[in-house]
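Here the structure is laid out as structure tokens; the discussion comes afterwards.
As the structure is a computational prediction, the values presented were derived from the model and not from experiment.
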Amino acid sequence: MKSFSLFLLFSLLLLLSCNAGATSGGWKPIGDLQDPHIIDIAKFAVDEHNKEATSQLRLVSVVKGETQVVAGINYRIVLKAGVPGAKVNVYEAVVWEKEWEKFRKLVSFDLRWTQN
């Protein structure tokens, strides 16, 4: 009986460690796209893109988002943005943040599709 209990305990620990390893570093959906921090990340992405591309995009809305735990957090955000008075397009931005260091970096900002 004792060996069966040890086997069961070992199996449970092995199962838990395998599951934890499979999900660490993976992308997870953002639950509240209207969270002020998420909106701030999206605005940061648009502002940084504007500096790099000398454009004048303005954030319209956040459509979708995911996070990934790395040495900090990566935010992959699908957003709508456009120049005032022109059509709005959909972009995907990745922002790397280390909040405890007050560090943010725009990793990528790509056009996904144009709105009609």
Side-chain angles (χ1 to χ4, degrees):
M1 182 68 172
K2 184 177 178 181
S3 63
F4 178 76
S5 297
L6 287 173
F7 173 76
L8 192 58
L9 179 62
F10 177 77
S11 298
L12 181 61
L13 290 173
L14 182 62
L15 179 64
L16 289 173
S17 68
C18 288
N19 284 340
T23 60
S24 64
W27 290 96
K28 295 185 172 118
I30 295 171
D32 181 7
L33 298 176
Q34 299 307 312
D35 181 293
H37 187 71
I38 300 305
I39 299 298
D40 192 45
I41 294 284
K43 285 181 182 175
F44 171 82
V46 171
D47 290 345
E48 288 298 301
H49 170 74
N50 285 341
K51 289 177 192 172
E52 292 174 8
T54 61
S55 62
Q56 298 177 359
L57 291 177
R58 297 288 173 251
L59 177 66
V60 174
S61 64
V62 175
V63 177
K64 179 182 172 184
E66 299 172 302
T67 59
Q68 178 187 43
V69 176
V70 289
I73 298 178
N74 281 332
Y75 292 88
R76 182 165 53 194
I77 296 178
V78 177
L79 57 91
K80 290 183 180 180
V83 177
K87 68 180 174 181
V88 172
N89 293 317
V90 178
Y91 299 87
E92 181 181 275
V94 176
V95 174
W96 177 31
E97 180 182 55
K98 294 181 189 179
E99 195 170 13
W100 66 94
E101 291 182 4
K102 308 275 190 243
F103 169 85
R104 282 184 185 165
K105 179 181 179 182
L106 179 62
V107 176
S108 64
F109 193 94
D110 300 309
L111 176 66
R112 286 296 166 221
W113 62 86
T114 59
Q115 298 280 99
N116 293 326

Would you call Asp47 and Arg58 a salt bridge, using N to O less than 4.0 angstrom?
no

How long is the span from the CG atom in Leu79 to the NZ atom in Lys64, to the nearest 0.5 Å?
13.0 Å

Determine whether Ile41 and Phe103 fall in the same hydrophobic cluster, where Ile, Leu, Val, Met, Phe, Trp and Tyr are linked whenever their side-chain heavy atoms lie under 4.5 Å apart.
no

Gap between atom NE2 of His49 and atom CG of Asp110 - 0.5 Å precision:
9.5 Å

Between Tyr75 and Trp96, does a ring-ring contact (aromatic ring centres under 6.0 Å, His included) hold up when you go through it step by step?
CA-CA 6 Å; Tyr75 292 88; Trp96 177 31; over 10 Å; no

Counting only heavy atoms not in Lys98 (residues, nucleotides, ligands), do more than 12 fall under 6.0 Å from its NZ?
yes

Test of understanding: clusters of I, L, V, M, F, W, Y form through side-chain heavy atoms closer than 4.5 Å, transitively. Do Val95 and Ile30 belong to the same one?
yes

Flag yes if Val60 and Leu111 sit in one hydrophobic cluster, no otherwise; membership is Ile, Leu, Val, Met, Phe, Trp, Tyr, and two members link when side-chain heavy atoms are under 4.5 Å apart.
no

Distance, nearest 0.5 Å, that separates OH of Tyr91 from NZ of Lys80:
13.0 Å

Arg104 and Glu99: CA distance, side-chain angles, deciding distance, side-chain contact (heavy atoms from CB on, under 4.5 Å) verdict
CA-CA 8 Å; Arg104 282 184 185 165; Glu99 195 170 13; over 6 Å; no

Rounded distance [0.5 Å steps], CH2 in Trp27 versus CZ in Arg76
4.5 Å

Rounded to the nearest 0.5 Å, the NZ atom of Lys28 sits from the CD atom of Glu66 at a distance of 11.5 Å

Regarding Asn89 and Thr114, is there a side-chain donor-to-acceptor distance under 3.5 Å anywhere?
no

Got a second to check how far Ile39's CD1 is from Gln34's CD, nearest 0.5 Å?
4.5 Å

Ile38 and Asp32, any side-chain heavy atoms less than 4.5 Å apart
no

Does Leu106 belong to the same Ile/Leu/Val/Met/Phe/Trp/Tyr cluster as Val62, with side-chain heavy atoms less than 4.5 Å apart forming each link?
yes

Would you mind telling me which of Val46, Ile77, Val94, Asn50 makes a side chain to side chain contact (heavy atoms under 4.5 Å, CB included) with Phe109?
Val46

Side chains of Lys105 and Asn74, heavy atoms from C-beta outward: is any pair under 4.5 Å?
no

Note: Ala42 and Leu59 closest approach over all heavy atoms is CB-CD2, 3.8 Å

